[in-house]
2 protein chains.
Amino acid sequence: MKNFKLVLLFGSLLAVLAVLLQFFEYKYFIGRLDTSVYTSVVATVFTVVGVWVGMNILKSEKEVPTPAPIIVNNIVAPTNEINEENLKNLNLNDREYEILQLIAKGYSNKEIAQTLFLAIPTIKTHTSNLYSKLEVRSRTQAVHRARELEVL
Amino acid sequence: MKNFKLVLLFGSLLAVLAVLLQFFEYKYFIGRLDTSVYTSVVATVFTVVGVWVGMNILKSEKEVPTPAPIIVNNIVAPTNEINEENLKNLNLNDREYEILQLIAKGYSNKEIAQTLFLAIPTIKTHTSNLYSKLEVRSRTQAVHRARELEVL
DNA sequence: GTGGAAATCATACTTTTGGATGAGAGGGAA
DNA sequence: TTCCCTCTCATCCAAAAGTATGATTTCCAC
């Protein structure tokens, strides 16, 4: 249940907002604020929240789209196509593969942790396991090996 | 999209709760229903809009660095070609480029030093300068950047 | 020959990685 | 329910990487 926290986070946030909503409404009826101002505030706040939620939804589960191989005149272009068989044989779990991709993009452990909403020790555990499976001892080696195996 | 449903479910639940809350309040403040419902609708709509916007922001962000495949005579050229112009603009000297290649192969500083018959501090100096020119701060970032620029 | 640029190496320091090990929480199967 | 597996997080330690600064050598141009 890796998303449990995420969902909980969203939920808490929404709950807080609901309370805020009530509060603002209260102020509205006491202080007689301008309706348009009130509406604007609500709309803005919820838009911002929505943007944040939307980005996090996508970020948390963007599975890597396997690019379709480009074939022209029966010639398959080497478009960094993923070798599914090698990838399968590596037996990487979702987290490991996810982290591998971030490593390949030059992310530090700290950045990976922030991106995936995980603690740094967790990242280290995953990277260690990843290195075992790839039979390497460092992130640059991991990237190199992954490219050799055409899984990136 | 397995989490999407979850989040959606949770969101819906909260929305329902919010509505119930509004209704409950209505019992005690007749005439307030109009604004309450209105507010809920506004909040919901703008949250949805926000989510949509957020997801689209990320989606558009993702499709940046896809280099256009080179097509000559209807044959897609292998994209592993080195972009000589970029390489030239980087202004790397021989050592730096040499070291960049070794880094990309997963070599440690020690291994690079042994390979090139240099001292480790020398390697560090070169890598530092290399990072400056590539505008990065680590070897994995350097490799990533170099691939972006097609100089590897 | 002198100035200056480039390459080499050093020293000292901080940050990041990697390795080893254990523990706790949650989900799924018997 | 209980057991097991996966994912998560923690701590401690060692190694590697990165930063900053300066010294030296070489070599080329003036």
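All figures in this text were calculated on a predicted structure; none of them were measured in a lab. Naming: A, B, ... by sequence-line order, numbering from 1 per chain.
Regarding contacts with the backbone of C:dT8, a side-chain N or O of B:His126 is found under 4.0 angstrom from either OP1 or OP2. The phosphate of C:dA6 has neither OP1 nor OP2 within less than 4.0 Å of any side-chain N or O from B:Arg95. Side-chain N/O atoms of B:Thr122 include none lying less than 4.0 angstrom from OP1 or OP2 on C:dT8.
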Please write out each protein N/O paired with an N/O of nucleotides 3-5 of chain D under 3.5 Å, distance rounded to 0.1 Å.
none

Report, one pair per line, the protein and nucleotides 16-20 of chain C atoms (nitrogen or oxygen only) whose separation is under 3.5 Å.
residue	atom	partner	partner atom	Å
C:dT17	OP1	A:Asn109	N	3.4
C:dT17	OP2	A:Asn109	N	3.3
C:dG18	OP1	A:Tyr131	OH	3.3
C:dG18	OP1	A:Arg139	N	2.7
C:dG18	OP2	A:Tyr131	OH	2.7
C:dG18	OP2	A:Arg139	NH1	2.9
C:dG18	N7	A:Lys124	NZ	3.3
C:dG18	O6	A:Lys124	NZ	2.9

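Within 6.0 Å of CD on A:Glu85 lie no more than 12 heavy atoms contributed by other residues, nucleotides or ligands. The number of heavy atoms from other shown groups lying within 6.0 Å of OH (B:Tyr107) does not exceed 12.
Rounded to an integer number of Å, the gap from B:Glu111 CD to D:dA16 C1' is 11 Å. Rounded to whole Å, the distance from CD on B:Gln141 to P on D:dA17 is 15 Å. Atom-to-atom, CZ of B:Phe117 to P of C:dT8 comes out at 13 Å; the value is rounded to the nearest Å. Residue A:Asn129 contributes atom CG, which lies 14 Å from atom P of C:dT21 at whole-angstrom precision. Computed from coordinates, the B:Leu130 CG to D:dT19 C1' distance equals 15 Å when rounded to whole Å. The nearest whole Å value for the distance from the CG atom in A:Leu118 to the C1' atom in D:dT8 is 8 Å. Distance CD1 (A:Ile99) to C1' (D:dT6): 14 Å, rounded to an integer number of Å.
Within the structure, no pair that satisfies the side chain to side chain donor-acceptor pair (under 3.5 Å) test touches residues 113-127 of chain B, not counting sequence neighbours.
Rounding to the nearest 0.5 Å gives a distance of 11.0 Å between OG1 of A:Thr140 and CG of B:Leu102. Taking CD1 of A:Ile99 as the reference point, atom CG of A:Leu118 lies at 7.0 Å (rounded to 0.5 Å). Put simply, CD1 on A:Ile123 and NZ on A:Lys110 are 13.0 Å apart, with the number rounded to the nearest 0.5 Å.
Between A:Asn109 and A:Arg139 the shortest side-chain heavy-atom distance falls below 4.5 Å. At least one side-chain heavy atom of B:Glu148 sits less than 4.5 Å from a side-chain heavy atom of B:His144.
Residues that satisfy the side-chain hydrogen bond (donor to acceptor under 3.5 Å, both in side chains) test with A:Glu96, not counting sequence neighbours, are A:Asn93, A:Lys133.
With axes fitted over five pairs at each extremity, the angle between the ends of the helix from C:dG1-D:dC30 to C:dA30-D:dT1 is 40° (10° resolution).
Heavy-atom minimum distance, A:Arg95 versus A:Leu116: NH2-O, 4.0 Å. The minimum heavy-atom distance between A:Ala119 and A:Ala113, with the atom names listed, is C-CB, 4.1 Å. Closest approach of A:Leu149 and A:Asn83 over heavy atoms only: O-CB, 3.5 Å. What you find for B:Tyr131 and B:Ala142 is that their closest heavy atoms are CE2-CB, 3.9 Å.
When the side chains of ILVMFWY residues are joined at heavy-atom separations under 4.5 Å, either directly or via intervening members, B:Leu134 and B:Ile82 end up in a single hydrophobic cluster.
Residues from residues 85-94 of chain B lying near DNA chain C, meaning a heavy-atom separation below 4.0 Å, are B:Asn93 in numerical order.
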